[in-house]
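Contents: one structure, followed by commentary.
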Protein chains: 2
Amino acid sequence: MRIGQVADELGINTKTIRYYESIELIPAVPRTPAGYRDYTDEDIDRLEFIRTGRRLGLSLDEIRQVLHLRERGEQPCDYVLDVVHRQLRDIDRHIRELAALRDELHRLLDTAHQPSEAPGNPAPRYCRLVEAAS
Amino acid sequence: MRIGQVADELGINTKTIRYYESIELIPAVPRTPAGYRDYTDEDIDRLEFIRTGRRLGLSLDEIRQVLHLRERGEQPCDYVLDVVHRQLRDIDRHIRELAALRDELHRLLDTAHQPSEAPGNPAPRYCRLVEAAS
DNA sequence: GTAGGGGTTCCAGTTGCTGGAAGCTCCAGG
DNA sequence: CCTGGAGCTTCCAGCAACTGGAACCCCTAC
């Protein structure tokens, strides 16, 4: 199967697949006589695994670790569990930060409806919206 | 004021300030006879403005737009309002996605407590945790 | 024969910094 | 006067994870 079809089926860019090969995340697959990459179902499994790992928030390097562990015959699930736990912690923190930012932006929009030159307010240097957030 | 002190006061890296200068987000400030950058209070205001904009989620390019608008004597607040509205939409979507991912990871951890070789389950190729998420 | 839609390689750019190396400047202590 | 160390300078390179573009090859259909 050629790279374009693989990309279509998995919903990845062909560039991405070649990139994964270039960083040796996937092995170099055999070529057709014309020099085209020729992928097997196993290659596609591997790519799908990578895609899922990415979707779960694993970095390419973490995915690489999992693949290496697997190649050495070890069970990578403990490692994955660690990563997933860490990931959950990061996500919770990220959500909290985003929510705080959202609230701040909402407050900012509220001030946008205030008169811009309330008595006693200094003239804004750049943009009173942004300066109000300092 | 020299770059180190500015960096300390604003809580930015000196490298970052030089980087901003290199991409012409801030002007090149005058130098002392020894060649050291010498910052005025106005420069620091500008940097603080940038820092706040970044904290609000504006990209450096968006910040650049605001600064340019301001230099041309236009009121950038409408532009900033647009950016902030878009930003809010993006944040909400991002939070929703992260929450969905979090739930998925939680479900994943639940399956981690299931027996790994339930009858009828295919043997995992790489890691049953990740494969369960496909 | 030629137009098109694939594929190939390699280089460079994206965003927002950050690290490191090699060298200059300044100031305080001995 | 010398020396050490902190802070400054420049330039180069790298991070993550791709993505775009140029220039060229291959295959099929009309």
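Sequence lines set the chain letters: A, B, ... in the order given, protein chains first and strands last, and positions in each chain run from 1. Quantities reported herein were computed from a predicted structural model and do not represent experimental measurements.
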Please determine if a side-chain N or O atom of B/Tyr36 lies less than 4.0 Å away from the OP1 or OP2 oxygen of C/dC26. no

To the nearest Å, give me how far apart CD1 (A/Ile50) and P (D/dA17) are. 12 Å

What closest approach, in Å, do A/Tyr39 and A/Arg2 show between heavy atoms, and which atom pair accounts for it? CD1-C, 4.3 Å

From C-beta outward on B/Leu60, which listed nucleotide comes closest to its side chain: D/dT9, C/dG16, C/dG7? C/dG16

For a quick test of reading the model: is some side-chain N or O of A/Arg54 closer than 4.0 Å to OP1 or OP2 of D/dA16? no

Calculate the interatomic distance between B/Lys15 atom NZ and D/dT9 atom P; express it in whole Å. 11 Å

Side chain of B/Ala34, heavy atoms from C-beta onward: which of C/dC26, D/dC8, D/dC26 has the nearest atom to it? C/dC26

According to a strict under-4.0 Å criterion, is A/Tyr20 in side-chain N/O contact with OP1 or OP2 of D/dA17? no

Establish, with yes or no, whether the OP1 or OP2 oxygen of C/dT15 is under 4.0 angstrom from a side-chain nitrogen or oxygen of B/Ser59. no

With the side chain defined as heavy atoms from C-beta on, B/Tyr19 is closest, among C/dC26, C/dT8, C/dC17, to C/dC17

Using the side-chain heavy atoms of A/Ile3, tell me which of these nucleotides is nearest: C/dG19, C/dT8, D/dC27. C/dT8

Salt bridge or not between A/Arg18 and A/Glu21? Use side-chain N to carboxylate O under 4.0 Å. no

If the cut-off is 4.0 Å, is A/Arg37 near the phosphate of C/dT9, judged by side-chain N/O to OP1 or OP2? yes

Among D/dT10, C/dC17, D/dC26, the nucleotide that comes nearest once only the side chain of B/Arg18 is considered: D/dT10

Would you say A/Arg31 reaches D/dC26's phosphate, i.e. side-chain N/O to OP1/OP2 under 4.0 Å? no

